[in-house]
Amino acid sequence: MNLREREQKLKTSFPNSRIPEFPNYEIMKAINKIVSSAVPLNIENVDTDQIIPARFLKSTNRSGFGKNLFRDWRYENDDEKKPRPEFTLNDARYTGKILVAGKNFGCGSSREHAAWALKDYGFDVVLSSFFADIFKNNALNNFCLPVTVSDEFLKEIFEAIDGDALTQITVDLESQRISLETRDKKELKSAFEISQYKKTCLLNGYDDIDYLLSMKEEITAFENKPLTPNAI
Amino acid sequence: MKPKTLFEKIWETHVVKTIDEGPSVLYVDKHFIHEVTSPQAFKGLEERGLPVFRPQQIVATADHNVPTENQHLPIKEALSRLQVDTLDKNCKKFGVELYGLGHPYQGIVHVIGPEMGFTQPGMTIVCGDSHTSTHGAFGTIAFGIGTSEVEMVMATQCLMQTKPKLMRIHIDGRLHPGVLSKDIILYIISKISSSGATGYAVEYAGPTVRALSMEARMTICNMSIEMGARCGLIAPDETTFSYMNGRPFAPQGNEWNRSLAYWRTLYTDTDAVFDAELNINASDIEPMITYGTNPGMGIAISGHIPNLRDVEEKEKLSFEKSLHYMGLEPGMGIKGKKVDYVFIGSCTNSRIEDLRLVASFVKGKQKAKDVEVWIVPGSKQVEKQAHEEGIDKIFEDAGFILRQPGCSACLGMNEDKIPAGKYCISTSNRNFEGRQGPNARTFLTSPLTAAAAAITGRVSDIRELI
C-alpha cells in the first residue's frame with residue numbers, strides 16, 4: 001500500500017477525522033491472517049523481565065532485541081554457546097510465527113522492548129488465556145497480535161502441539177477466528193475479541209499516533225476549555 | 001447527579017473524545033520520562049519530523065541506568081553512558097527540562113515527581129515505567145505506558161485508552177507494631193494474585209489508608225501494577241495537602257487556594273458503584289515476605305510456603321519451577337533463612353520516611369558480619385535530608401553502605417547486581433527470576449523487615465526485635 005492509498009483508507013476508516021500529513025516514515029506491516037505452526041511455552045505469569053532482561057535495555061534503537069529474547073531461560077550462565085536444550089526456543093521440533101503461552105503473559109515491567117523482542121524474533125501472534133495490560137497495548141502497537149482464548153481452549157492447543165509439533169494454527173483477524181486441526185483430525189475452533197478500532201488499525205497498518213495526529217485541533221481546543229465543571 | 005467514583009471524576013475531565021465501541025482519547029497533564037524508555041520515542045518523532053507538542057508538561061530525569069557510586073565521574077559503561085547522554089541531547093533538542101545526573105533534583109522518577117510538587121491531585125500522569133501508579137497516592141490517574149505510547153504523548157499530549165473497570169479495596173482496623181504499608185500491599189497481592197486486578201483501576205480507601213502518611217500511601221499505590229492493575233489511587237485529603245504545601249513546583253499563593261478548592265472535590269461519592277469491592281482487616285496483617293518469583297507469592301513472616309497439594313493443578317508446574325529457582329521447598333518456613341544481601345531502595349521504599357524508620361531501628365546496632373547492606377536513597381533530596389538528619393552516620397556506624405540515588409538493584413540494570421544464587425532481602429517491588437541479576441534470589445519485604453535481616457543476617461520477625 002502506498003502513502004496515498006493509505007491516506008484514502010484512513011479517511012474511509014475514520015470518516016469524522018481530519019487526515020494528517022504523512023511524513024516520510026516506514027509504513028508498518030499490516031497483519032491479517034496468520035497460518036503457522038507454534039512454539040509452546042506452558043508457563044504462567046511470564047513477566048517481561050524474562051522476555052527481555054533489564055541488562056539488554058541499554059540500546060537506543062527498537063531493533064535487535066530478538067537475539068536476547070528469553071535470554072536467561074534460553075542460555076546457561078548467560079552464555080550463547082550453552083543453549084539450554086529443554087527450553088522451547090532451543091527445541092528444534094518447535095518453529096513458527098505463533099507463541100503459545102500460559103496465563104498472565106507479559107506481566108511486570110512496561111518495557112516495550114518485550115514486544116520488540118518477540119516481533120524481532122519472528123512472532124506475529126502470542127496466544128494465551130490472559131495478558132497483562134501494558135504488554136497487550138505494547139504488542140498491539142507493534143503489530144504483534146495478542147490473542148486471548150479460554151483456559152480450556154489453551155489447554156487443547158498445548159495438547160495439540162504436544163501430539164504434533166507441526167500443528168498448523170490459523171489466526172484470522174478479519175473474522176476474529178482461530179482454528180487448528182489436531183493429529184487425529186479433530187478441528188478446534190474459537191472466536192477471539194479485539195476492539196474494532198484496534199482491528200482497523202492492524203488490518204490497515206495504522207498506529208495510534210496516526211489517529212492522534214489527526215486530532216490535533218480538537219486537542220488544542222480541549223486544552224483551552226476550563227479544566228472541569230467542578231473547578232472553581 | 002449520578003454519584004461518581006474518584007476515578008470517574010478525573011477520567012471524565014480528561015477525555016477529549018471517545019470512539020464508538022473503541023478507546024477514548026485521553027489528555028495527559030504530566031509526562032515523566034527517563035533514559036531507558038524514551039530514546040526510541042524521540043527517534044520516532046525525528047523520523048516523523050514532529051516537535052514535542054507540550055514540552056513544558058514533560059519532566060525528565062536519569063534513574064534506571066545510572067551508577068550509584070561516583071556519580072560525579074563519567075559513567076564507565078559505554079552503553080549506559082550513551083543512553084544517559086542521549087537523554088541529555090534529546091531534552092536539549094526538544095526543549096524538555098532535564099533533572100539529570102548531578103542535578104540537585106535528580107532521582108527516581110516516582111520519587112522526585114511527588115517530592116518536587118510536580119504530582120498534583122486530579123492530574124492524569126504517565127511515564128514509560130509501570131510503577132507510575134505510585135503517583136495515584138495523590139488522587140491522580142497515573143499509569144505506566146510503553147515507548148510507542150511515550151511517543152504518542154510527546155507528539156499529541158494524548159493517549160488512546162480504554163476505560164478500566166473499577167475496584168475498591170477498603171482497609172479498616174489497626175496495624176500491629178512493625179507492620180508497614182508495604183506489608184499491606186504484599187498481603188493484598190498475596191490474596192488476589194499477581195493478575196487479580198488486571199483491567200482494573202484500584203482505589204484504596206478506609207480508615208487505615210486515611211491514617212497513613214503520603215510516603216506509606218505511595219508504597220501501596222506503587223505496587224498496584226504487581227497485581228496487574230492499570231493504576232491505584234487514593235483520594236487526596238489534609239495529609240496530601242499538607243505534604244504538598246510549599247513544594248517547589250506545587251501551586252503557590254492564590255493559585256494554591258484555587259487548586260485546593262478543586263482538590264477537595266476529588267473523592268468517591270457515597271453510593272458510587274464499583275465493579276468489584278474487597279474488604280481488608282488491617283489487624284489480620286503480619287509482616288510479609290515473598291518466597292517465589294512473582295509478587296503474588298507472599299506469606300506472613302511466621303508462615304509456611306504452601307504445600308504442593310494446596311496448589312491448583314494447572315499452577316503446579318510454574319510453582320515448582322519458581323521454588324526450584326529460589327532453592328526452597330514446598331511447606332517450609334522462611335524465618336531463620338540466611339540472607340547474603342539487603343537492598344533498601346527503589347521507587348517503592350527509598351523515601352526519607354523509609355530511611356528514618358530503618359535508622360531508628362538500627363541506631364546503635366551492627367550489621368551481621370556476612371551480609372552486605374546497600375541503602376540507595378530515592379533522590380538527591382532524600383540523600384541530602386539523610387545527611388542533614390545524621391541518618392548517614394547511623395548507617396555508617398552500622399556498617400551499611402549509603403549509595404547515591406537511582407533505581408539500582410531493583411532491576412539490576414546498572415552494576416548493582418546480586419550475584420547468582422545469593423539471597424537478597426529487598427524493599428523493591430519485584431522478585432522475578434533474574435530481576436536483581438542473573439540467578440539472584442529475591443525476598444520482598446518492608447524496610448523494617450529488611451533492616452531486621454541486616455542486623456541478624458537472617459530472615460527475622462521484626463516484631464520480636466522492637
Side-chain angles (χ1 to χ4, degrees), chain A residues 14 23-26 42-45 47 49-50 53-55 57-62 72-73 77-78 102-104 107-113 115 130-135 137-138 141-142 151 155 195-198 207-209 211-213 215-216 218-219 222-223 227-232, chain B residues 9 13 16-17 19 21-23 25 27 36-37 39-40 43 47-50 65 79-80 82-83 86 122 128-130 144-149 151-152 155-160 162 194-195 198-199 228 230 258 261-262 265 294 314-315 317-318 321 411-413 430 432-435 438-439:
Chain A
F14 303 117
N24 183 23
Y25 63 89
E26 196 195 342
N42 197 355
I43 298 171
E44 299 193 338
N45 302 312
D47 59 79
D49 272 82
Q50 305 319 312
R55 60 188 190 280
L57 309 188
K58 295 187 183 186
S59 168
T60 52
N61 297 311
R62 285 174 194 254
D72 291 336
W73 285 351
N77 298 325
D78 205 11
K103 85 163 192 224
N104 198 26
C107 59
S109 158
S110 61
R111 60 189 69 165
E112 192 163 319
H113 312 66
F130 199 92
F131 287 96
D133 222 19
I134 306 177
F135 172 79
N137 277 339
N138 287 342
N141 284 333
N142 288 283
D151 281 329
K155 191 161 166 258
S195 104
Q196 291 312 298
Y197 164 80
K198 257 305 168 198
D207 46 18
D208 284 358
I209 202 163
Y211 182 80
L212 287 169
L213 287 169
M215 294 264 313
K216 269 284 182 66
E218 279 127 298
I219 293 168
F222 177 86
E223 286 180 318
L227 173 67
T228 151
N230 297 331
I232 301 170
Chain B
K9 286 181 184 177
T13 53
V16 179
K17 179 182 177 172
I19 299 172
E21 287 175 62
V25 177
Y27 190 80
V36 176
T37 58
Q40 294 89 349
K43 197 170 278 180
E47 283 164 10
R48 291 173 200 258
L50 293 168
N65 197 6
L79 280 174
S80 302
L82 174 68
Q83 217 169 32
T86 302
D129 186 281
S130 60
I145 55 176
T147 297
S148 293
E149 293 170 310
E151 186 180 332
M152 288 170 212
T156 67
Q157 208 56 38
C158 286
L159 268 180
M160 309 298 289
T162 309
S194 64
S195 59
T198 303
R230 180 88 54 85
R258 269 200 304 277
Y262 169 53
T265 68
N294 75 58
K314 64 188 172 71
E315 285 169 6
L317 205 66
S318 304
K321 181 177 189 299
L411 81 165
M413 215 184 146
R430 289 190 173 134
F432 296 151
E433 284 186 33
R435 173 79 177 180
N439 290 312

Given N77(A), L212(A), D151(A), the one with more heavy-atom pairs under 4.5 angstrom with chain B than any other is L212(A)
Main-chain N/O of S148(B) paired to E112(A) side chain as donor or acceptor, under 3.5 Å
yes
Would a 4.5 Å heavy-atom cut-off, applied to side chains only, mark K17(B) and F222(A) as touching?
no
Is there a side chain to side chain contact (heavy atoms under 4.5 Å, CB included) between N61(A) and K43(B) once you walk through the steps?
CA-CA 8 Å; N61(A) 297 311; K43(B) 197 170 278 180; 2.4 Å; yes
Hey, is the main chain of A155(B) close enough, under 3.5 Å, to the side chain of K216(A) for a donor-acceptor pair?
yes
So CG of N294(B) and CD of E44(A): to nearest 0.5 Å the spacing works out to 10.0 Å
With a 4.5 Å cut-off on side-chain heavy atoms, are S194(B) and N104(A) touching?
yes
Main-chain N/O of M413(B) paired with K58(A) side-chain donor or acceptor, under 3.5 Å:
yes
At a heavy-atom separation under 4.5 Å, does F130(A) approach chain B through its side chain, its backbone, both, or neither?
side chain
Under 4.5 Å heavy-atom distance to chain B, tell me which part of D133(A) shows up: side chain, backbone, both or neither.
both
When rounded to the nearest 0.5 angstrom, what is the spacing between OG1 in T162(B) and OH in Y197(A)?
10.0 Å
Measure distances from S195(B) to the heavy atoms of chain A and classify the residue's part below 4.5 Å as side chain, backbone, both or neither.
both
If you count heavy-atom pairs within less than 4.5 Å of chain A, which of G22(B), G434(B), S318(B) leads?
S318(B)
Quick check on K103(A) against chain B: is it the side chain, the backbone, both or neither that has a heavy atom closer than 4.5 Å?
side chain
Residue among L57(A), N138(A), D47(A), N42(A) with most heavy-atom pairs under 4.5 Å to chain B
D47(A)
Give the minimum heavy-atom separation between I134(A) and S130(B), together with the two atoms involved.
CD1-CB, 4.0 Å
Proximity breakdown for R230(B) and chain A, heavy-atom pairs closer than 4.5 Å
both
Only pairs of heavy atoms separated by less than 4.5 Å count here; which of L82(B), L317(B), N65(B), L79(B) has the most with chain A?
N65(B)
Given the options V25(B), I145(B), D129(B), T147(B), which has more heavy-atom pairs under 4.5 Å with chain A than any of the others?
T147(B)
Given that the side chain runs from C-beta out, which part of Q50(A) has a heavy atom under 4.5 Å from chain B: side chain, backbone, both or neither?
side chain
E151(B)/R62(A) ion pair, N-O < 4.0 Å:
yes
Within a strict 4.5 Å, meaning less than it, do heavy atoms of the K198(A) and M160(B) side chains meet?
no
CD of E149(B) to CG of N141(A), rounded to nearest 0.5 Å, is 5.5 Å
Tell me, side chain or backbone of N45(A) under 4.5 Å from chain B's heavy atoms, or both, or neither?
side chain
Side chain, backbone, both or neither: which part of I43(A) has an atom under 4.5 Å from a heavy atom of chain B?
both
Chain B contacts, top residue of C107(A), P53(A), A132(A), G108(A) (heavy-atom pairs, under 4.5 Å)
G108(A)
Pairwise side-chain contact, S109(A) with R430(B), heavy-atom cut-off 4.5 Å (strictly under):
yes
Scored by heavy-atom pairs under 4.5 Å with chain A, the best of K314(B), Q40(B), Q83(B) is Q40(B)
